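The structure displayed is predicted, hence computed values, not measured ones. Start at 1 with the first residue, then count along the sequence.
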Amino acid sequence: MSEQDKKSPILDKRSSRRTFIKNSGLTVGGVVLGGALGSLLGKDSTTQTTETHVHSEATVANFNQALMYFDKAQFDTIEAATEQIFPKTDVGPGAKELLVAYFIDHQLAGNWGLNAKEYMTGPFFPAEATSLFGHQTHLNRQQIFNLGIEALNAEAQKNYDANFAGLKEEEQIAILTAFEADEVTLNGAVTSGFFFRLLKSATIEGVYADPLYGGNKNMEGWKMKNFPGHQMSYTNIIEKDEFVKMDPMSLNSQHKH
């Protein structure tokens with residue numbers, strides 16, 4: 001090793017970790033678009049600029065927008081139904097923009113969908129299924145949503161010869177109104193009214209839950225209510241008489257994301 005090499009900072013050497021990653025093409029998931037192969041083929045810096053741009057776009061994607069339980073057709077049905085329950089208005093976005101259907105999908109994929117932490121042994125009294133009696137069916141929430149989605153599309157096909165997601169707004173509202181009034185028969189041990197109430201409750205939760213859970217995109221649900229979210233402290237405003245409007249903070253604000 002020459003004296004010049006000995007004096008060169010380690011990070012300036014071609015063997016540095018950054019240079020190695022760049023030349024091996026790992027910055028784009030292992031696909032070599034530039035770096036070592038590029039230098040052999042005589043590619044210019046344009047390839048590297050494109051490569052960097054692709055990588056930057058990937059880092060800002062919302063990875064919560066991924067299905068964990070529904071298939072695409074089920075998701076489209078629930079997305080359309082939730083938008084009618086919580087529609088977009090002049091006040092703010094609706095359920096679709098707030099990603100409420102993703103919230104419901106993620107909840108169904110876990111303990112909530114399986115009723116894993118609830119007592120699920122009979123006897124059941126579905127005719128007396130009020131909030132006082134709790135969950136009055138042997139079906140878990142996954143099964144109830146499956147039946148509800150099937151019935152929504154069956155009603156849509158019967159009355160309008162199309163799937164629920166493809167109907168006009170007033171047609172979707174008419175079907176949901178019939179569900180709420182218990183006028184539709186589901187193919188299982190649960191009523192259409194029970195499913196509607198479950199769907200409505202899950203929709204509202206998706207609008208106002210922390211974005212961590214997949215809904216309430218950009219905390220827009222909180223902004224409509226002037227809800228501050230998870231503030232670290234209120235000591236600087238607690239004694240003020242007037243209302244203090246604050247930018248909401250989600251749980252990830254603890255890490256200053």
Give the C-alpha distance, both sets of side-chain angles, the deciding distance and a yes or no for salt bridge (Lys or Arg N to Asp or Glu O under 4.0 Å) between Lys200 and Glu205. CA-CA 9 Å; Lys200 179 181 178 181; Glu205 289 174 17; over 6 Å; no
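Residues forming a ring pair (Phe, Tyr, Trp, His ring centres under 6.0 Å) with Tyr102 (at least two apart in sequence, or on another chain): Phe75. Qualifying side chain to side chain donor-acceptor pair (under 3.5 Å) partners for Glu169, counting only residues two or more places apart in sequence or in other chains: none. Residues passing the side chain to side chain contact (heavy atoms under 4.5 Å, CB included) test with Lys217 are Leu99, sequence neighbours excluded. Applying the side chain to side chain contact (heavy atoms under 4.5 Å, CB included) criterion to Ala66, with sequence neighbours excluded, gives no partner residue. Partners of Lys240 under the side chain to side chain contact (heavy atoms under 4.5 Å, CB included) rule, at least two apart in sequence or in another chain, are Ile237, Glu242, Val244. Applying the side chain to side chain donor-acceptor pair (under 3.5 Å) criterion to Lys158, with sequence neighbours excluded, gives Glu155. With sequence neighbours excluded, no residue forms a side chain to side chain donor-acceptor pair (under 3.5 Å) with Asn218. Partners of Phe103 by ring pair (Phe, Tyr, Trp, His ring centres under 6.0 Å), not counting sequence neighbours: none found. Residues passing the side chain to side chain donor-acceptor pair (under 3.5 Å) test with Gln74, sequence neighbours excluded: Asn146.
Counting only residues at least two apart or in different chains, salt bridge (charged side-chain N to carboxylate O under 4.0 Å, His left out) contacts with residues 92-116 comprise Lys88-Glu97. The list of salt bridge (charged side-chain N to carboxylate O under 4.0 Å, His left out) pairs with a residue in residues 218-236, not counting sequence neighbours, reads Glu220-Lys223.
Here the shortest heavy-atom pairing between Ala80 and Ala165 reads CB-CA, 4.0 Å. Across Gly221 and Leu98, no two heavy atoms sit closer than the pair N-CD2, 3.8 Å. Ala178 and Ser192 get closest at one heavy-atom pair: O-OG, 4.2 Å. In plain terms, the two heavy atoms of Ala95 and Glu83 that are nearest each other are N-OE1, 3.1 Å. Closest approach of Phe164 to Gln172, counting heavy atoms only: O-NE2, 2.9 Å.
Side-chain atoms of Leu186 and Thr191, non-hydrogen and from C-beta on, never get closer than 4.5 Å to each other. Between Phe145 and Ile78 the shortest side-chain heavy-atom distance falls below 4.5 Å. The shortest distance between side-chain heavy atoms of Leu167 and Ile175 falls below 4.5 Å. With contacts defined as side-chain heavy-atom distances shorter than 4.5 Å, the pair Phe243/Asn226 qualifies. Between Asn163 and Thr77, the closest side-chain pair of non-hydrogen atoms is not below 4.5 Å. Side-chain contact between Pro93 and Met224 is present, with at least one heavy-atom pair separated by less than 4.5 Å. Side-chain atoms of Asp182 and Phe196, non-hydrogen and from C-beta on, never get closer than 4.5 Å to each other.
One N or O on the side chain of Thr203 and one on the backbone of Leu199 form a donor-acceptor pair closer than 3.5 Å. A donor-acceptor pair is defined here as one N or O able to donate and one able to accept, closer than 3.5 Å; no such pair exists between the side chain of Gln157 and the backbone of Ala154. For Arg141 (side chain) and Trp112 (main-chain N/O), a donor-acceptor pair under 3.5 Å exists by modelled atom type. Of the possible donor and acceptor atoms, none in the side chain of Glu79 sits under 3.5 Å from a partner among the backbone N and O of Ala101.
Side-chain heavy atoms closer than 4.5 Å link hydrophobic residues (I, L, V, M, F, W, Y) into clusters, and following such links, possibly through other members, connects Leu198 to Val184. One hydrophobic cluster, built from ILVMFWY side chains closer than 4.5 Å, cannot hold both Met68 and Phe70; they sit in different ones. Hydrophobic cluster membership differs between Ile173 and Ile204, with clusters built from Ile, Leu, Val, Met, Phe, Trp and Tyr side chains linked at under 4.5 angstrom. By the rule that hydrophobic residues join a cluster once side-chain heavy atoms approach within less than 4.5 Å of another member, Tyr69 and Val190 end up as members of one cluster.
With rounding to the nearest 0.5 angstrom, the CD atom of Gln142 is 11.5 Å from the CD atom of Gln107. The CG atom of Asp76 sits 9.5 Å away from atom CG of Asn153, with the distance rounded to the nearest 0.5 Å. The CG atom of Asn140 lies 11.5 Å from the CG atom of Asn111; values are rounded to the nearest 0.5 Å. Here the CD atom belonging to Glu180 is positioned 6.5 Å from the OG1 atom belonging to Thr177, to the nearest 0.5 angstrom.
By the 6.0 Å contact criterion, CG on Asn187 is open, its count of non-hydrogen atoms from other residues, nucleotides or ligands being 12 or less.
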Please set out all donor-acceptor pairs under 3.5 angstrom arising from side-chain atoms of residues 206-213, sequence neighbours excluded.
| from | atom 1 | to | atom 2 | distance (Å) |
| --- | --- | --- | --- | --- |
| Asp210 | OD1 | Leu212 | N | 2.8 |
| Asp210 | OD2 | His230 | NE2 | 3.1 |
| Asp210 | OD2 | Leu251 | N | 2.9 |

